[in-house]
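All values reported here derive from a predicted model rather than from experimental measurement. Below, chain A is the first sequence line, B the second, and so on; all start at residue 1. Atoms considered below: every heavy atom in the structure, side chains included; atoms not considered: hydrogens, waters and symmetry mates.
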Amino acid sequence: MAELDTSLTFNQTVNGMLEFVEVAIHSILYVRQIYPADLFVRRKKYDTPVFQSRHPALNEYISGAVKAVGEELIFGNVDKVVVVIKDQEQVPLERYIFSLRSMLHVEAFDKDTSVEGAMSAAKLGQYFRSFLIKLNMVESQLGMLELHDNASFAIVVELKDKTPTEIHEKEPPPWVPADIQHTTSGASENAELHLLRAVDTGIINLSLAVQESEEKIRRMDNKGSKAIDKGKGKEKAS
Amino acid sequence: MEDKAKSVGPTGSLSSDLFEPDDPEFAEFLQTTVLPGDEQAERPSKLDNDDSSSGERGLTLSKPSLKRRHSETEQPIPSNPVQLAQSVEQPVTLKNADIYGAARFGHFGEYMRRKRAKLQIQNADMDVSENDDSERRTIFKGLAIYINGWTEPSVQDLRQLIIKHGGIYHPYLDKKSLVTHIITCSLTPAKIREFKNMKVVRPEWLVESAASGSLLPWKNYIFRPGDRLQESQGTRTTQQSLFTISESRPHAITGHPNNQTPQEAPQSEVNPFNDSPTTHPATKTFDSRPLYMTDPGTYEEAARIPGYAAHTSNLMAERVMANPEWRAAHTSIAPDFIEGFYKNSRLHHLSTWKAELKNLVLEAQIRAENGAMVTPSESSHTKNPQVSRKLQDDPIPEPEDGVSMKGAELTIRTSPKGKGKAKALQIERVIMHCDFDCFFVSAGLVSRPQLRGKPVAVCHSQGSQGGAASTSEIASASYEARSFGVKNGMSLQQARKLCPTIVTIPYEFEKYRQFSLQFYTVLMRYADDLQAVSVDEALLDVTSAVSDVKNQVSRLPVSEAITRDPAKELAEKIRDEIRKATECEVSIGIAENILLARLATRRAKPAASFHLVPEKVHEFLAPLDVDDLHGFGHSTRQKTQEKLGVTTLGELAKKSKAVLCDALGKGTGETLYKAIRGIDERRLESDKPRKSVSCDINYGIRFENGEQAKTFIYQMAQEVSRRLNSIYMLGRSLTLKIMKRDPNAPVEAPKFMGHGVCETFSKQMALSGPNGRPTSATTVIGDHAWKLLESFDFDPKELRGIGIQIQKLEMSSNSGSTEPGQAKLPFKPVPESPSKVQASSSRRDSINNPIPPVIVNPPSQDKKLLDGLPKKAAKPFVPDLPSFSQVDKGVFDALPEDVRKELEVEYKRRSHSPMPAQTSSVFPIRSKSSEPISDYNNRITVKGTNVKRITQQLAPRNRASLSPRKNMLFTKRDGPSALQVSEAELEKLEIDPEVFFVLPIDMQREQLLMARHSRARGASVSGDHKVIKLPDRFPSTPQRKKPIPKAVHPHVPFLKQQGKQKGEKLYFTETDDVQRVIEVWVEGFRERALNRRDVDYFSKFLVESAESGDTGMEKAAAVMKWWLTLLRRYWEIWEHNNNGSSEDKKFTGKPTSEIIGRTWWKAFREVKGKVDAVARKRFGGSIAIK
């Protein structure tokens, strides 16, 4: 596959990133048990097992969101894509932050020219695998959500500062303004950041970090102390 | 005095002949004028003025002219001198001023015209000055002589001699037709070529003629470059000198050729004739029949040639080859080598003629089939003396260059071919094989009856030249010579050993050609079908002619009819006719098929006919040997000998077909099996199309470097191309055959300049011109051939023979413009050279109206003759040169120097001329030669074809590759047929003009229409219409394309450290490395107080890392994690103990592990805070390091 060995083109990179984000969103939903596990089917992607939702509406939502991300990513406007996991009060508990940093501007006629010095497609695939493996393991680093059936999630796109919002004449933009508390800038100082993985393609640099919100940490701490306090009781209860 | 003048009168009137037809005015003037210096007449005063004004006239005046007196005698003498003066005054003033007047600026032509006029006056003076012997004066009457170059005696003496004896001396060779003879002692090669069709004579002719008082036959004084007499070949040839030197080298070297055997000839090296051939291992020991050829290509062949020493180098050749000048002039390096080679190559002539004969036969058949030809009526085939006489008498016009059969016509018997063939199928076929008896010799003997009955051979080497060592090949030997054992193909040297008295005669290609045509003309009358085997050999189907004879015979009494063989009768009739036409004997073999007819001819020879009747076939064949059969050669014989032990057909007849196929292979075995039984199913191949065109040269090939070889290849390509064009064929495949000196063979072959023993190679490749079409272009053929030669990678010095063959021929008309998308080559039809046009026209004339060809004509008659065909003669082909910018510089530089100079002059001239665009009109004016023209221009005109060829070469090569579609595109764009749309309008219609104009015309129209419609009716209609507009993403100028995008990688911060050696710097960027450094650092300061600078140093690195990007942050986190791990390993207890009594212990002299631990933790938190700040900015929150 000679094509995989040559360095990426801009379009390849964009599509690769979007594809990965979509796969990763499915994985996050599975890993964080936002939906019941039997809603997911095990698939293979990037040479690693991944779980994909079988729910058409959910899939449509995800892919629609990713497509909308793509429309912005093409122009290099995207800064981050955040999957926010929140409770029933819309309080963000965890944020999965895909940082998509566009490194260069590529002219339209060069979008399909392979970028000199960029990563090769094969290598990028391997990075994605490492992302997904880390993502599947992230459970161990993070505290339990204990949301049961009340969890929900949102996909938030953070554009670069000072990027004018694209004015689409024909159709309204697919996005609605996000809750400030859902965004990364709404995160408090005490939120804990877990850097999962980062890759430097030379075209769009991607990193995935998980942020546990202050609220979650507080809840966990409370729970922790409660657990210590009520350890006996809990045992009783169970 | 008056008497004297009168006696001069009649001859004196000749003086008008002195003047060229172009100058009738001047001739008239001479008749009427009174020349100054005349003692008798009163000189008109005006003449005096002229006299003093013209200095040049002194020369003419020095000798008093008697001319005037003569002219005066013709006029009525006026009684009144004044009257005379008046009557003469007018012409004198006008004409004399015309000749002797001052030259005006820019009248170069005038100068030359005057000069010639003056010279003629001078001649006229000479003419009359010594007119004592009127009888002598008529010797050269009718001769118009031009003297070229240095002569002995001098030009002046000769001129006087000519004039004195009534000849006309031409100081300039303006028109070749005006001059009957050219006198010279030496000529340049270029001149030799130029004059090759003229009578070039040595001055002795004039001198001796004058001495003897009568005009001696000029042929005895023909000038030859090598001073070698060879009548038939005229005076052509530069490279006859090649043969002259090669074959008569003692002549050239010792200077006494005739009575001296060559002293340094390599006789001693040559084995005596009867010696066993060679000791080479390849020699076949068994039953090798002697082979007769002079230049064998393989050791096998060489071994079979008696007296051929394959390993002996030709010393003479070695010596002359050492002389670079000689090499340059006579080997393949010489620029005109190919031309010369073909002019002297017997095989070339024969093969060319054969091809031409085949064409003639084919044409005749086509005509017969079309019924367009009125042929001699059915009964006329018995005899048509008129035709044959016509052929004999009709001087087949001298071919202009080389000897060619072009222009001849053969007529075939009336019975159309189809009919004849149909008949042939039903009735028993009668095939005749007609063959001249030693054609070359008998043709040569026609004009040398004294040699009849003597051993005669035809070869290049003549007389005693070359002596016993001559390697010249005998092309044909008479039966007398054959009785001595001389065979065709032997070298002269071998033949001399067998027959010392053998007489050699030269080739007479012209005669062969003529005889051959006559031969075929006769045969055509009887043949239903005819296959031209070679110039002197033909196969014909005479079935219907024989049945005609049969019918006649059947009317005779039965007793007589039985004894008569109609076929044989017919054969004898044919033989008679041919004998009448050519004075040569023909042998005819008659049989039912080709194979047997050929065998019958063997029996028939010499000079007889033989009918091999079917009943006797077996008897006839039995004693014959395998290689007696046509198509079976030495190798077949060897195989049968080897594998079957027999070679006679009688023995082989006993073998089964399977055995034969086993021994000889399926094809050959089967053919032989049938042949032995007298079965031959082959048809006459009269209409076999030409399958290939080739050019092979294996004589004189001696290169020194690749460049020479390349040049030669291209020359050969030119030759091949010429041949292709002459038959209107294009080729698709090219084969290059290479003969390379066998490593064991001597550098110089035993045959002088021959190829010697060689290894042969051949390679084939597809040949494609522009657009992949078949081609005949010189450059394409040359390129391909050279590519192939290069691919062999041979040392050019080793090359001995090169052959270029073009196969897969297609008619050039087939690939005409009918097919789409294919380029039409802008070739003009190759026109005949002016001289050719003239020749052919005169030929045509001589056929149509029986004007006898004039060989020696006084110019006055000549003029009339020329007037008869003025247009044809005066309008030679006008070649035009491409403009100088179009000239391919490479080709231009490669041209021979003289040609290049001519072109340069011409271009220079054009650049000065006011209307360079109309240059083509310049040539016809100049070439009319009615005005005096300078020499070089004259030469340009003469070499009309040359210039044409050059112009074709000079033309830019890519011109041909321009496809018609492209052509159309460009013409549409510029020409009036393009859509007339202004850019402004296009822009108004939102159409990008740049794109628009590139579109094909129909698309343009469509787009324009749509755009206009949408304008007119509003945008709603044009919903589906795509406006042509360059997408704005595209740069308007694509050639200014930006470089491809480069990936941007964040700057990777590094940890710099002093290495162990002085000056060595270590840089750490990878996570692992940095972690190791941290570990070393932590370990190193376990017992000591932490250095503040170290902390800053790490902190700076980590912050930079985190800031540099996500990967950097990842790295920073990993390093921090490791640092944390290390700290926990040593000082875990103080991690969260922030508010301990650190202040208290500050005073102790030695830092305790607690203090150290605390400082470590403090530093860690500090650094983490900084990194967190970075992370917060990016993601929010702080990095969780646990």
*Asks:* Which atom pair, heavy atoms only, marks the closest approach of Ala1175(B) to Leu193(A)?
*Replies:* CB-CD2, 3.9 Å

*Asks:* Let me know if Thr201(A) has heavy atoms under 4.5 Å from chain B in its side chain, its backbone, both or neither.
*Replies:* backbone

*Asks:* Does Glu19(A) have any side chain to side chain contact (heavy atoms under 4.5 Å, CB included) partners at least two apart in sequence or in another chain, and if so, which?
*Replies:* Lys45(A), Tyr46(A)

*Asks:* Output the distance between atom OG (Ser207(A)) and atom CE (Met1113(B)), rounded to the nearest 0.5 Å.
*Replies:* 8.0 Å

*Asks:* To the nearest 0.5 Å, how far apart are CG in Leu208(A) and CD in Glu1114(B)?
*Replies:* 10.0 Å

*Asks:* So what's closer than 4.5 Å to chain B heavy atoms on Leu196(A): side chain, backbone, both or neither?
*Replies:* backbone

*Asks:* For the NZ atom on Lys1170(B), are there more than 12 heavy atoms of other groups (residues, nucleotides or ligands in this structure) within a distance under 6.0 Å?
*Replies:* yes

*Asks:* Take atom CZ of Arg1129(B) as the centre, draw a 6.0 Å sphere, and report whether it contains more than 12 heavy atoms from other residues, nucleotides or ligands.
*Replies:* yes

*Asks:* How many angstroms lie between atom CD of Glu192(A) and atom CD1 of Ile1183(B), to the nearest 0.5 angstrom?
*Replies:* 11.0 Å

*Asks:* Sort Val210(A) into side chain, backbone, both or neither according to what part of it lies under 4.5 angstrom from a heavy atom of chain B.
*Replies:* neither

*Asks:* Looking only at non-hydrogen atoms, find the nearest pair between Glu1107(B) and Arg101(A) and report the distance.
*Replies:* O-NH1, 4.5 Å

*Asks:* For the atom pair OG1 (Thr1111(B)) and CZ (Arg197(A)), what is the distance rounded to the nearest 0.5 Å?
*Replies:* 9.5 Å

